[in-house]
Protein chains: 2
Amino acid sequence: MDIQFLLRTPLFLGAAPEELESLLAAMEATQRRFPRGEGILRAGEDTARFYLVLSGGVTVEHHDAWGNRTILGHVAAGEVFAETYACLPQQSMMVSAVASQETVLLSLNAAALLTHSCPSRDLILTNLLRITAEKNLALSRRIFYTSSKTIRGRLLSYLSDQAVLQGSLTFSIPFDRQQLADYLGVDRSALSNELSKLRREGLLTTRKNRFSLLTQADLP
Amino acid sequence: MDIQFLLRTPLFLGAAPEELESLLAAMEATQRRFPRGEGILRAGEDTARFYLVLSGGVTVEHHDAWGNRTILGHVAAGEVFAETYACLPQQSMMVSAVASQETVLLSLNAAALLTHSCPSRDLILTNLLRITAEKNLALSRRIFYTSSKTIRGRLLSYLSDQAVLQGSLTFSIPFDRQQLADYLGVDRSALSNELSKLRREGLLTTRKNRFSLLTQADLP
DNA sequence: CTCCATTTGTTGTTAAAACAACATACTTAT
DNA sequence: ATAAGTATGTTGTTTTAACAACAAATGGAG
């Protein structure tokens, strides 16, 4: 296990290398590998465990009765998911988690945290509070992206926000076209169509998951 | 100040009456009254304070550049808001808060919590963690309600969920029609129209903010 | 009670996205 | 290198909601 990596994650940030070991033991940390596309957690299950992504990535999604998929967000390496449900053990999952690529997870038992017998309890608690607050912002953002009634508006609000968050007009997104459509709540073919229009109008270029937003200076 | 009321709120739940006073002092608690419709917090501001609703109610909303309103949620008496931003002081507000009726708030300084010098720190921290986790669920639900592409689908998912959450097929919602439209991300007149259809089809009845979902047994 | 203001409901038109079906481009394995 | 499978792009049709403008109902204030 890469201790240096763990110490830089939002969950363990601020921990001393020595205390990390006892923490991992107290939380019954176990490692597990998932191939691309494999389900990790299903809606309806209860879980007292939450997960830290060691490598790869995970999408958090919801499937309605007719099979329509809604993507709530993407969890990258170093981040955690299912911590909401681990904090509220009485709640059963409303979402599923799926490996969006070959992924290695660290599974952690939250019960130790919620009882008073955890080493570094205060540190992990404040870190978890920060993490859930950040997730609130991520969910709020996803709501803003889908608040426009037009596909173009949704795309531009999402993409320009990504440019800001990633600090560059050229950036990658963690979704393919179908996933982006399910994240923005629109039809995939209509999304592709709108992207083509934006390209034709010289507002952006795309190459797979990589987008470049063009400014006046980029025009011919 | 109604101590008994405070001790039953999710924020102070589990506190001893004696420690509540020192807590309120440490968090520099001050009370303030807002008439219906008045803005409490504006998007763009920073805030290290968060707010507990003593009476009344607050809507959390977002206004885009064209003046379109998106409602993220409603905060009822006993609940708190802006705690996300209080936990992440570097973030400026993406949303505004508006009194949806005559409202009395308790304003609290979060700085005391985040430093290590707070009485009952552990209790408030775990309570806040639970609260932000619950907010995550509330935001996730709002996303699910808007995941259907039809107004009918959005209405039915919202209303049937409310029936479950409130434990009765007859229930009140904290929104008028315009607010409900802005919460579900649809046009108000189209929403009214769809509600009329649902009434005509015998699926529900409405009286102001009060809805009744009808089952087979209610049919004539 | 009456008047004014606000909220809710109704209707017709227009714009936009969903949907379906297909074409093209990319990947990956053999 | 080829073939199969997946992802992306394109086009035409249909459905649906947005929009606009107005009517009806509701709720206070004088």
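Residue numbers start from 1 in every chain, and the chains themselves are labelled A, B, ... in the order their sequence lines are given, proteins ahead of strands.
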Tell me: [atom1] of [X] to [atom2] of [N], nearest whole Å?
{"X": "A/Arg207", "N": "D/dA7", "atom1": "CZ", "atom2": "C1'", "answer": "16 Å"}
{"X": "A/Asn193", "N": "C/dA18", "atom1": "CG", "atom2": "P", "answer": "11 Å"}
{"X": "B/Gln101", "N": "D/dG28", "atom1": "CD", "atom2": "P", "answer": "13 Å"}
{"X": "B/Leu195", "N": "C/dT10", "atom1": "CG", "atom2": "C1'", "answer": "13 Å"}

inquiry  = Return the CG to CG distance between B/Asp187 and B/Asp182, rounded to the nearest 0.5 Å.
reply    =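 It is 9.5 Å, given to the nearest 0.5 Å.
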ask   = Which listed nucleotide (C/dG9, C/dT7, D/dT8) is nearest to the side chain of A/Arg177?
value =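 Of the options given, the side chain of A/Arg177 lies nearest D/dT8.
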ask   = Which nucleotide in the set D/dT11, D/dG9, C/dT7 lies at the smallest distance from any side-chain heavy atom of B/Asp176?
value =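 Between D/dT11, D/dG9, C/dT7, the one nearest the side chain of B/Asp176 would be C/dT7.
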request  = Heavy atoms only: give me the nearest B/Leu106-B/Ala29 pair and the separation to one decimal.
outcome  =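 Scanning both residues completely, I find the closest heavy atoms to be CD1-CB, 4.0 Å.
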request  = Without swapping roles, check the side chain of A/Thr103 against the backbone of A/Gly57 for a donor-acceptor pair under 3.5 Å.
outcome  =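 Side chain of A/Thr103 to backbone of A/Gly57: a pair is present.
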inquiry  = Measuring only between side-chain heavy atoms, which start at C-beta, is B/Phe50 closer than 4.5 Å to B/Leu11?
reply    =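 SC-SC contact between B/Phe50 and B/Leu11 confirmed.
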ask   = Reckon B/Arg199 touches a base, only the sugar-phosphate, or nothing at all at heavy-atom distances under 4.0 Å?
value =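 Sugar-phosphate, backbone atoms only, no base.
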query = Is there a donor in the side chain of B/Arg154 and an acceptor in the side chain of B/Thr146, or the other way round, less than 3.5 Å apart?
reply =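 B/Arg154 vs B/Thr146: no donor-acceptor pair found between side chains.
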Contact state string [nucleotides 12-24 of chain D, B base, S sugar-phosphate only, - no protein heavy atom under 4.0 Å] = -----SSBB----
query = Do the ring planes of B/His62 and A/Phe144 sit parallel (below 30°), tilted (30 to 60°) or perpendicular (above 60°)?
reply =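 Geometry flag for A/Phe144 against B/His62: parallel rings.
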message = Assuming nearest nucleotide by heavy-atom distance, tell me which of A/Arg36 and B/Lys208 is located more 5' along DNA chain D.
response =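 Closest to the 5' end, via its nearest nucleotide, is A/Arg36.
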